[in-house]
Amino acid sequence: MRLLIVEDEKRLAVSLAKGLAAEGYAVDVVHDGREGLHRATESSYDLVILDIMLPGLNGYRVCAALRAAGHDVPILMLTAKDGEYDEAEGLDTGADDYLTKPFSYVVLVARVKALLRRRRPGASPVITHGDLRIDTAARRVFLGEDEVALTAKEFAVLEQLATRAGEVVSKAQILEHVWDFAYDGDPNIVEVYISVLRRKLRAGLIRTVRGAGYRLEAER
């Protein structure tokens, strides 16, 4: 899952980004409302964490502009303001949830996970593929009766393949949703993680489609 944080308090933004990256999300950060609107409009995100008091454009205007343009990305608003009228204004502009500073990081992560689940109504948090079970809420993986220990990045790569099981997922798509936009390292890092997953799971579960990407499929 790829998240965008639009927050002008740089220390807070960096702290949130590090914490959410440790949870397995790809996180992009900008500190200006106009840049946030541009990034959310031009790129594909699964959720936006949006501060209200921003330079350039405030969070209300960013949110309203995204909704007016037809973007349905979940938006979690952050603000130092407190009061039911501020919350009402944020929700009226199209925000999905609202969190007042100072807030608990644990609560923020719980809100993020809830919004991501809500985007797929009726979807089970557990993805089953043959004897492979991926619990996206608890971030645990089982192969048969055995639990497989994965790092946050390994889990994120597997989740991208599992949510599109049977389809070819390109290296670029995996990079886009598992690593942030600032990543400028070797794109072959994806191959490294695929190799690790094959070793920890079973080689036959992930097939390389030459020139196209990777596909999670049942073993024959």
Side-chain angles (χ1 to χ4, degrees), residues 1-21 23-103 105 107-123 136 156 159-160 163-164 169-170 172-183:
M1 296 292 178
R2 190 175 181 190
L3 313 183
L4 173 65
I5 297 174
V6 189
E7 167 62 68
D8 66 331
E9 293 183 39
K10 294 186 178 181
R11 290 181 63 183
L12 173 60
V14 169
S15 176
L16 291 178
K18 287 182 178 178
L20 290 167
E23 295 283 337
Y25 301 108
V27 186
D28 296 340
V29 178
V30 296
H31 307 294
D32 174 90
R34 293 187 188 280
E35 177 61 19
L37 177 59
H38 172 75
R39 190 67 60 79
T41 301
E42 297 299 320
S43 302
S44 175
Y45 289 100
D46 297 290
L47 182 139
V48 176
I49 298 174
L50 178 64
D51 189 30
I52 289 179
M53 303 301 290
L54 291 166
L57 287 176
N58 66 39
Y60 296 133
R61 294 178 65 186
V62 172
C63 182
L66 286 172
R67 296 302 186 234
H71 294 278
D72 63 352
V73 60
I75 296 175
L76 172 61
M77 275 194 161
L78 306 179
T79 182
K81 293 183 176 182
D82 191 11
E84 60 184 18
Y85 292 108
D86 298 317
E87 180 175 355
E89 185 174 356
L91 297 175
D92 283 346
T93 58
D96 297 275
D97 203 354
Y98 186 99
L99 205 53
T100 301
K101 301 174 184 176
F103 51 80
Y105 173 73
V107 171
L108 179 134
V109 171
R111 298 282 186 90
V112 166
K113 290 180 178 179
L115 288 174
L116 291 172
R117 287 196 301 270
R118 195 184 305 169
R119 195 175 191 189
R120 297 188 299 160
T136 60
E159 185 178 22
Q160 283 299 307
T163 54
R164 298 177 57 185
V169 184
S170 71
Q173 289 170 324
I174 295 174
L175 278 171
E176 179 181 1
H177 286 275
V178 179
W179 282 266
D180 61 46
F181 79 101
Y183 178 76

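Just so you know, residue 1 is the first one in the sequence shown, and it goes up from there.
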Student: Which atom names give the shortest non-hydrogen contact between Ala21 and Val27, and what distance separates them?
Tutor: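 That would be N-CG2, 4.0 Å.
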Student: Show your reasoning for whether side-chain contact (heavy atoms from CB on, under 4.5 Å) applies to Leu76 and Asp96.
Tutor: CA-CA 6 Å; Leu76 172 61; Asp96 297 275; over 6 Å; no
Student: Do any N or O atoms from the side chain of Ser43 and from the backbone of Ala40 form a donor-acceptor pair under 3.5 angstrom?
Tutor: no
Student: To the nearest 0.5 Å, what is the distance between CG on Asn58 and OG1 on Thr79?
Tutor: 10.0 Å
Student: Can you tell me how far CG of Asp46 sits from CG of Leu3, rounded to the nearest 0.5 angstrom?
Tutor: 7.0 Å
Student: Applying side-chain contact (heavy atoms from CB on, under 4.5 Å) to Val6 and Val62, what does each step give before you reach the verdict?
Tutor: CA-CA 10 Å; Val6 189; Val62 172; 5.9 Å; no
Student: Are any non-hydrogen side-chain atoms of Arg67 and Ile75 less than 4.5 angstrom apart?
Tutor: yes
Student: Are any non-hydrogen side-chain atoms of Leu78 and Leu108 less than 4.5 angstrom apart?
Tutor: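 With C-beta onward as the side chain, the pair touches.
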Student: The test is side-chain contact (heavy atoms from CB on, under 4.5 Å); show your working for Leu16 and Glu7 and say whether it passes.
Tutor: CA-CA 10 Å; Leu16 291 178; Glu7 167 62 68; 5.5 Å; no
Student: Rounded to the nearest 0.5 Å, what separates atom CG in Asp32 from atom CG in Leu37?
Tutor: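 Rounded to the nearest 0.5 Å, the CG-CG separation comes to 10.0 Å.
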Student: As a test of understanding, state which of Ile49, Val107, Val112 forms a side-chain contact (heavy atoms from CB on, under 4.5 Å) with Leu99.
Tutor: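 Of the listed options, the one satisfying the test is Val107.
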Student: Counting distance only, does the side-chain N/O of Arg2 pair as donor-acceptor with the main-chain N or O of Asp28 below 3.5 Å?
Tutor: no
Student: Ile5 and side-chain contact (heavy atoms from CB on, under 4.5 Å): which single residue from Leu20, Val14, Leu12 fits?
Tutor: Leu20
Student: Looking only at heavy atoms, what is the nearest atom pair of Arg111 and Tyr98, with distance?
Tutor: NH1-O, 3.0 Å
Student: For Gly94 and Cys63, work out which heavy atoms get closest and say how close.
Tutor: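 Looks like C-SG, 3.6 Å.
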Student: Of all the heavy-atom pairs spanning Val29 and Ala13, show the shortest one and how long it is.
Tutor: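 The pair with the smallest heavy-atom distance is CG1-CB, 3.7 Å.
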Student: Would Lys10 and His31 satisfy side-chain contact (heavy atoms from CB on, under 4.5 Å), going step by step from the backbone distance to the final call?
Tutor: CA-CA 7 Å; Lys10 294 186 178 181; His31 307 294; 3.7 Å; yes
Student: Which atoms form the tightest heavy-atom contact between Ala156 and Gly24, and what is the distance?
Tutor: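 It is CB-O, 3.4 Å.
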Student: Might you point out which heavy atoms bring Gly36 and Val30 nearest each other, and give the distance in Å?
Tutor: CA-CG2, 3.6 Å
Student: When rounded to the nearest 0.5 angstrom, what is the spacing between OG in Ser15 and CD in Glu9?
Tutor: 11.0 Å
Student: Roughly how far, to the nearest 0.5 Å, is the OH atom of Tyr25 from the CD atom of Glu159?
Tutor: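 Here the interatomic distance stands at 7.5 Å.
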Student: Is atom CZ of Arg61 surrounded by more than 12 heavy atoms (other residues, nucleotides or ligands) closer than 6.0 Å?
Tutor: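 Open.
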Student: From Asp8 CG over to Glu35 CD, what is the distance, rounded to the nearest 0.5 angstrom?
Tutor: 14.0 Å
